[in-house]
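Worksheet: one structure, shown below.
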Amino acid sequence: MIFDHQLKTDRRQDLIDITALVEKDLEEASIGEGLCVIFVTHTTAALTINENADPDVPRDMFVKLTQLVPENDNYRHLEGNSDAHILSTLIGCSLTIPVEHGKLLLGTWQGIFFVELDGPRQRRFKVKLQAD
Ligand code: ZN
């Protein structure tokens, strides 16, 4: 079963918690044991799992990511968003989460995030739920 989601982002870089959306898909698919695969169909966005409690975590993450991959660094790509392409590759475009007893096997502090790297834009991501 594949669920298609749309998302409107508000900033150039942002972490958007999509955990509740994925849990809703899982409830609808009613899978006991299996796998949840989340996939983003963009080259300037990504997906990650990280802490969803302290808002300073995403803030610190973007501060450090921007130091590692600056927005402007004599890139050749004419669209002017090479930093977003590079970060998308570093962070990754898919996640796999085990499903056990009908729940995502996430740790207490783990949340699933859509990572906007070149917004604001209209975005999409897919959630595939596969029973064992
Ligand atoms: Zn580009």
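All ligand and atom numbering here is 1-based and tracks the order in the structure. Heavy-atom basis, side chains included; hydrogens, waters and symmetry copies ignored. Positions are given from 1, in the same order as the sequence printed here.
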Sequence neighbours excluded, which residues qualify as salt bridge (charged side-chain N to carboxylate O under 4.0 Å, His left out) partners of E71?
R12
For the CG atom of D83 and the CG atom of L68, what is their distance to the nearest 0.5 Å?
12.0 Å
Over 60° means perpendicular and under 30° means parallel, so classify the ring planes of F114 and F125, tilted if in between.
tilted
What distance do I86 atom CD1 and D73 atom CG have between them, rounded to the nearest 0.5 Å?
8.0 Å
Do you know how many protein N, O or S atoms are within a distance smaller than 2.8 Å of the Zn ion (ligand 1)?
4
In terms of heavy-atom contacts, I38 and C36 come closest through CG1-SG, 3.9 Å
For the atom pair OG1 (T9) and CZ (R123), what is the distance rounded to the nearest 0.5 Å?
6.0 Å
